[in-house]
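Take a look at the structure set out below.
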2 protein chains.
Amino acid sequence: MSGVLHVLLHMAEVDGPVTSETLARMMQTNPVVIRRVMAGLKAAGTVRSDKGHGGGWTLARDLASLTLLDIYHGIGSPPLFAIGNRREAPECAVEQAVNEALDASLDEAEALLLASFGTVTLATLSQNFHRRLAERRAATSSGDRHDH
Amino acid sequence: MSGVLHVLLHMAEVDGPVTSETLARMMQTNPVVIRRVMAGLKAAGTVRSDKGHGGGWTLARDLASLTLLDIYHGIGSPPLFAIGNRREAPECAVEQAVNEALDASLDEAEALLLASFGTVTLATLSQNFHRRLAERRAATSSGDRHDH
DNA sequence: TCTCATGTAACTTTCAATGTTACGAACTAG
DNA sequence: CTAGTTCGTAACATTGAAAGTTACATGAGA
């Protein structure tokens with residue numbers, strides 16, 4: 001998730017297609033790993049890929065029309081929580097009572113989280129990125145006089 | 001988490017102390033694993049342990065005074081989410097923007113989840129467990145005539 | 001004193017995530 | 001049409017964290 005967002009924002013900074021090779025160097029990983037996660041996004045219509053000379057990955061939709069929720073589903077909607085339910089011995093009544101209680105809380109939190117994802121666009125992330133860049137430039141050009 | 005709750009509810013069904021050996025068989029695991037997770041709960045005052053003959057684990061507090069939140073903290077407050085933030089290259093402005101956005105959503109969901117945990121007592125879980133037992137008994141003694 | 005039980009360090013095993021290699025398919029430039 | 005690029009994907013290797021295991025020390029009761 002975090003890595004994919006990183007990649008997409010970097011792609012938005014370049015106008016032409018970007019190869020898996022280049023993206024892999026940015027993320028300090030392997031081109032095949034990039035292709036794996038991009039596969040889902042491609043199927044979802046978020047990005048497109050082109051082969052051969054001048055090929056690579058391109059954003060297929062506007063940043064403003066993409067939310068964190070789109071990306072989450074694009075990468076296959078993986079489990080959100082680290083503390084899952086035991087699925088062993090589900091016939092045990094104790095197990096069922098425990099799972100019922102945990103599920104109630106987890107489902108509620110999951111609904112909120114996904115709703116929250118739905119309100120954040122990649123355009124917002126990009127804007128925050130550029131704001132940080134500007135602040136950083138201002139800080140260094142003024143000789144780091146502020147703060148500590 | 002799920003496993004610990006299972007253990008605690010089983011302990012509540014017995015009046016005397018229960019050994020790690022017995023609990024391990026219930027959970028289909030190893031006694032040492034039981035002692036490991038119980039260590040935190042003991043430090044938190046949730047359970048006590050006694051050595052020697054007739055020893056084992058005992059609930060030190062009433063089920064009604066224990067919430068899921070207490071148990072969560074008792075086992076060391078492990079990470080709740082499976083989709084963490086990248087901590088590599090945190091100086092990259094893109095990374096910072098991504099982490100900022102994800103943290104905002106995750107923190108909000110975490111707060112809700114923990115609050116939700118705080119409202120559920122183990123007494124409630126135990127009641128649900130006994131309700132299930134009663135329903136199951138009723139269903140089998142009536143010959144499974146209802147539903148399918 | 002002998003047995004039972006926890007406490008804990010050290011080691012091993014397991015398993016899923018990630019990384020890697022290899023090769024086929026599709027595309028472009030010349 | 002040929003050569004060079006790039007994605008697509010299967011198969012295998014590596015890694016790291018969680019769980020399991022062994023071993024032994026400590027404390028408590030019969």
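Every heavy atom of this structure was used, including side-chain atoms; hydrogens, water molecules and symmetry mates were not. A note on names: the letters A, B, ... follow the listed sequences, proteins ahead of strands, and every chain is numbered from 1.
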Under 3.5 Å, is there a donor-acceptor pair between the A:E135 and A:H130 side chains?
-> no

A:R36 vs A:S49, nearer the 5' end of DNA chain D by closest nucleotide | A:S49

Atom CD in B:E13, atom CG in B:L133: separation rounded to 0.5 Å?
-> 7.5 Å

Quick one: is D:dT5 close enough that its OP1 or OP2 comes under 4.0 Å of any side-chain N or O from A:T19?
-> no

Taken to the nearest whole Å, CD/A:E21 to C1'/D:dG4 is 14 Å

Length of the NZ-P vector between A:K51 and D:dT6, whole Å | 13 Å

Hey, does A:G56 reach any base, or is it just sugar-phosphate, or nothing, if we go heavy atoms under 4.0 Å?
-> sugar-phosphate

Ion pair check, A:R132 and B:E95, cut-off under 4.0 Å = no

What's the CG-C1' distance between A:L41 and D:dG8, to the nearest Å?
-> 15 Å

Under a 4.5 Å cut-off applied to non-hydrogen side-chain atoms, are A:D70 and A:L41 in contact?
-> no

Taking NZ from A:K42 and P from C:dA26, how many angstroms apart are they, rounded to a whole number?
-> 11 Å

Euclidean distance, atom CG of residue B:D50 to atom P of D:dG29 [Å, nearest integer] = 8 Å

From C:dA5, D:dG8, D:dA23, nucleotide with atom closest to B:V32 side chain = D:dA23

Atom pair distance, as rounded to whole Å: CG in B:N30 and P in D:dG20 = 7 Å

Phosphate OP1/OP2 of C:dT6 contacted by B:S20 side-chain N/O (<4.0 Å) | yes

Starting from C1' on C:dT18, measure out to CZ on A:R35 and report it in whole angstrom.
-> 16 Å

Is it the case that A:S20 and A:W57 place a side-chain donor and acceptor less than 3.5 Å from each other?
-> yes

Interatomic distance, B:I75 CD1 vs D:dA19 P [rounded to whole Å] = 10 Å

Between B:T29 and B:H53, name the one whose nearest nucleotide on DNA chain D is closer to the 5' end.
-> B:T29

